[in-house]
Amino acid sequence: MTNIDFSAHLNPEQLEAVQTIDGPVLVIAGAGSGKTRTLVYRVAYLMEQGVDPRNILLLTFTRKAAQEMLNRASELVGPESMLVNGGTFHSFCYLQLRQFGGVLGYPSNFTVLDRRDIEDILTHLARELNLKKEGSTFPKKSALATICSKKVNCMRDTRWVLTRGYPHLVHLAPVLDTLFDAYTEYKRRHALMDYDDLLVNWKRILDTEPDIREMVSRRYGFIMVDEYQDTNLVQAELVRLMASTHNNVMAVGDDAQSIYSFRGANFKNILEFPNMFPGTKVIKLERNYRTHQPNLDCTNAIIANAQEKFTKRLVAVRRGGDPPILYEAMDENDQAEFVVARIRELFMLGVEPSEIAILFRAGFHSFQLEGLLNRYNIEYVKRGGLKLLEGAHIKDLISFVKLLVNPLDIIALKRVFTLIPGLGERGVEKIYELMMHAQDPFEAILGLKSRARWASPLKELVSRLKTIWSKDEGLDSLITELIHLYEPFLQSKFPDDYPRRLQELKEVSVIAGNFKDVGEFLAEMALDPPDEEEAYGKRDCVCLSTVHSAKGLEWKVVFIISLVEGRFPSPMALERDEELEEERRLFYVASTRAKDTLYFVYPRWINVSGGGVIPGKASRFIEEIPPGLFRRWKSGRRQDPAHHGTSTVSNKGGPFSVGTRVRHTIFGPGTIVRVLGGEKIAVDFDGAGEKVINTGIARLSIL
DNA sequence: CCGGCAGGCTTTTTT
DNA sequence: AGCCTGCCGG
């Protein structure tokens with residue numbers, strides 16, 4: 001093994017973090033301060049000290065992040081570093097539970113539920129238990145899943161979650177508890193776990209089984225946790241329990257970059273670390289290697305507006321550089337055109353596509369831009385937003401596979417059997433009853449006597465499934481055959497875009513080729529669904545990403561788009577101060593991704609659902625930045641949205657002319673009666689009578 | 001009980 | 001623009 005000159009590659013603080021190998025360490029690391037480097041070198045250092053890589057556990061936010069770090073470590077100390085246990089909390093817990101889950105009565109082949117499964121099961125149970133009373137309000141299935149998860153992640157009861165997030169539903173707490181109990185029972189009966197169970201069940205084992213706890217703790221003698229500000233209480237407890245024999249934990253994170261509180265993370269967690277592990281050595285990394293001082297002045301100003309005072313202030317190592325640019329676009333079309341035009345210029349200047357990113361608050365904010373990128377044949381990958389896995393066709397295919405592992409998975413069974421015309425949900429439930437009481441569930445169907453029109457197609461389907469399952473030729477050929485079987489259904493279900501979907505299914509079969517074990521494949525699909533990058537092998541292209549998915553990454557040129565009130569901060573976050581503060585941190589995360597050039601972009605007019613166009617105000621987070629810290633560019637185009645975009649306004653002259661029907665968020669629909677000076681107009685509201693409205697402030701949509 | 005159809009609603013962020 | 005819901009005819 002080569003001897004690495006650590007002090008040549010690390011600054012004194014990093015070096016101290018790397019070389020502290022006994023006892024708890026907390027590294028508070030600012031954006032771009034080289035925390036990944038610190039972790040990589042620490043792995044290398046431990047191995048140079050003769051530590052067995054199998055005793056090291058590196059927990060990161062995504063599986064990719066761990067892989068990337070271990071790849072880099074292997075360049076330093078050789079391929080042995082690949083033996084380090086690295087991954088997400090969830091995947092690590094999954095592996096532990098396959099080994100030790102028997103203690104809780106779980107077989108080693110339990111299946112992991114994804115978000116959609118959870119929603120389906122909760123809906124199914126709510127109906128079965130008759131909890132949805134006529135006329136009374138009941139949460140939608142997505143809210144049900146959120147409440148259930150939040151309760152677990154925050155380690156609170158249902159009432160607490162409802163009070164904070166759903167005050168109008170507090171009276172339902174006992175009803176929901178009944179539902180959640182049934183859900184827990186259901187999961188146990190069918191050998192299922194959801195994301196949260198992976199953490200909670202593993203914690204339960206560590207809590208109640210001292211032998212296992214001790215064994216595991218000795219096995220993982222060196223624990224490192226990245227992005228610690230985004231862990232929740234359950235995860236913090238897991239770390240404490242697993243380190244119980246040695247307290248050899250290094251946590252790395254940035255209190256200013258905590259953006260996952262909706263999942264139960266609390267940025268105060270990271271500040272609690274020294275209390276949880278007495279004797280913690282706290283090291284701060286305050287030098288920024290990523291960008292130059294003008295960008296840093298601006299991003300420092302963004303986080304300085306936060307109510308919480310953070311623990312550090314960053315100083316750039318790099319020299320030179322220009323401050324960020326704010327571009328005020330006419331509308332969303334102009335915004336997209338600006339970004340595309342800049343990208344084309346950058347290409348001509350020789351900037352690699354993979355060095356450019358466009359970031360936004362929510363997945364759908366990039367739709368317009370995507371259209372334009374396609375038009376100009378600019379290749380891009382999109383991170384965050386909808387995943388490949390979420391398409392109905394993929395769910396169908398995965399359900400075929402799930403039935404192979406667990407024939408009594410009623411959710412998968414329904415998906416598959418209702419593909420047959422004439423067979424609906426009720427029908428499948430009856431068939432399910434029959435299967436449950438049979439020796440061989442699928443044999444029971446083949447012996448079924450029914451004159452219904454679905455009977456013979458069903459038998460045909462089942463017998464073909466049995467044939468496919470009985471072959472033993474690897475996962476990718478299994479998937480290929482299932483796709484073949486599914487194809488006619490796919491065709492009739494999606495007559496318009498069936499070729500595209502078929503192509504995506506084939507990508508899945510390629511991915512499946514990397515797995516030996518069906519259970520592992522299913523778990524991986526649920527825990528870490530492949531993104532576009534992996535599925536299609538896209539690499540050197542422009543990156544479109546939600547801010548959340550951009551965490552930990554960096555690019556030379558970054559555009560943050562739709563920095564407009566109503567988009568960023570998210571309207572959902574306006575009610576509560578804490579959530580607004582988190583939005584600000586989110587903006588901070590976004591703006592600290594840029595190495596060289598940072599663009600803030602916002603449209604002066606935005607389209608809202610329903611086809612209206614409303615005036616947009618620059619995001620409050622932009623307004624807060626002292627004006628000297630960025631440069632302002634304006635659209636050269638006329639300040640009249642009627643001539644761009646696809647809005648319904650285009651054939652009515654200006655956006656706000658007398659006689660135009662508009663809708664106000666509070667006053668409802670009305671008719672414009674006068675256009676006054678400035679941005680003011682008078683509107684006669686159908687319900688509220690005549691009011692003067694400042695279009696620069698109020699949200700008016702055109703009907 | 002199934003499925004087609006129309007109309008309304010929604011759209012944060014993710015392991 | 002797509003998804004879900006509710007309604008209605010077979």
Side-chain angles (χ1 to χ4, degrees), chain A residues 59-66 87-94 112-116 118-119 123 132 140-143 145-146 149-150 152-153 165 193-200 227 230-232 234-235 258-265 359-368 371 383-387 389-392 417-430 452-454 492-494 496-497 523-529 531 545-551 562 566-575 579 582-583 585-587 589-590 607-611 646:
Chain A
L59 295 170
T60 56
F61 203 70
T62 62
R63 183 192 41 130
K64 270 185 172 175
T88 61
F89 271 93
H90 294 265
S91 62
F92 177 77
C93 293
Y94 169 74
V112 181
L113 299 169
D114 71 20
R115 172 78 188 201
R116 273 277 277 282
I118 299 166
E119 292 179 0
T123 319
K132 228 168 167 167
K140 292 198 196 336
K141 62 182 185 180
S142 60
T146 306
S149 169
K150 202 143 197 187
V152 175
N153 280 304
M193 288 196 211
D194 60 28
Y195 294 127
D196 305 324
D197 292 326
L198 295 173
L199 302 181
V200 169
E227 311 281 14
D230 288 319
T231 57
N232 60 34
V234 182
Q235 290 165 318
S258 160
I259 54 175
Y260 278 95
S261 72
F262 65 89
R263 214 167 63 189
L359 309 182
F360 32 83
R361 176 65 181 84
F364 70 95
H365 294 167
S366 66
F367 286 165
Q368 212 148 354
R383 311 172 61 110
L386 284 178
K387 291 267 164 29
L389 193 70
E390 283 162 51
F417 283 2
T418 52
L419 289 170
I420 294 165
L423 191 51
E425 219 171 309
R426 306 290 307 180
V428 179
E429 273 164 27
K430 281 185 188 158
R453 70 174 164 134
W454 45 258
S492 56
K493 200 167 167 183
F494 306 102
D496 304 327
D497 56 353
E524 188 68 19
M525 289 295 275
L527 287 173
D528 202 344
D531 55 26
S545 176
T546 61
V547 181
H548 283 93
S549 303
K551 160 195 255 289
S562 291
R567 296 262 201 269
F568 203 157
S570 164
M572 312 295 211
L574 299 181
E575 306 282 320
E579 287 183 49
E582 178 148 318
E583 295 287 309
R585 293 195 296 273
L586 199 53
F587 179 46
V589 168
N607 289 307
V608 290
S609 59
T646 52

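Nothing here was measured: the structure is a model prediction, and the numbers come from that model. Chain A is the first sequence line, chain B the second, and so forth, proteins listed ahead of strands; every chain is numbered from 1.
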When we call it a touch if two heavy atoms are under 4.0 Å apart, what does A/L199 touch: a base, just sugar-phosphate, or nothing?
nothing
Reckon A/R426 touches a base, only the sugar-phosphate, or nothing at all at heavy-atom distances under 4.0 Å?
sugar-phosphate
What does A/F367 touch in the nucleic acid at a heavy-atom separation under 4.0 angstrom: a base, only the sugar-phosphate, or nothing?
nothing
A/Y195 vs A/H90 aromatic rings, parallel, tilted or perpendicular, using cut-offs 30° and 60°?
perpendicular
Check this one for me: any side-chain N or O of A/S549 less than 4.0 Å away from OP1 or OP2 of B/dT13?
no
Between A/F360 (CZ) and B/dT13 (P), how many Å, whole number?
10 Å
Table please: side-chain donor-acceptor pairs of residues 423-430 of chain A below 3.5 Å, with sequence neighbours left out.
residue : atom : partner : partner atom : Å
A/E425  : OE2  : A/R127  : NH2          : 3.3
A/E425  : OE2  : A/K414  : NZ           : 3.3
A/E429  : OE2  : A/K414  : NZ           : 2.9

B/dT11, B/dC1, B/dT14: which one has an atom nearest the side-chain heavy atoms of A/K430?
B/dC1
Which one, B/dT14, B/dT11, C/dC4, comes nearest to the side chain of A/K141?
C/dC4
Which nucleotide wins on minimum distance to the side chain of A/M572, given the candidates B/dT11, B/dT13, B/dT15?
B/dT11
Let me know the distance between CD of A/E425 and C1' of C/dT5, rounded to the nearest Å.
13 Å
Students often get this wrong, so: under 4.0 angstrom with heavy atoms, is A/F89 touching a base, only sugar-phosphate, or nothing?
nothing
Taking only the side-chain nitrogens and oxygens of A/T62, find out if one of them lies under 4.0 Å from OP1 or OP2 of B/dT15.
no
Using a strict 4.0 Å threshold on nitrogen-to-oxygen distance, state whether A/E119 and A/R116 make a salt bridge.
no
On DNA chain B, nearest-nucleotide positions of A/S149 versus A/L423: which is more 5'?
A/L423
In terms of side-chain heavy atoms of A/R115, which of B/dC2, B/dT14, B/dT11 is nearest?
B/dT14
Answer yes or no as to whether B/dT13 has its base stacked against A/F262, where stacking requires a ring-centre separation under 5.5 angstrom and planes under 30 degrees apart.
yes
Apply the test ring pair (Phe, Tyr, Trp, His ring centres under 6.0 Å) to residues A/F92 and A/Y94: give CA-CA distance (whole Å), side-chain angles for both, the deciding distance (0.1 Å), then the verdict.
CA-CA 5 Å; A/F92 177 77; A/Y94 169 74; over 10 Å; no
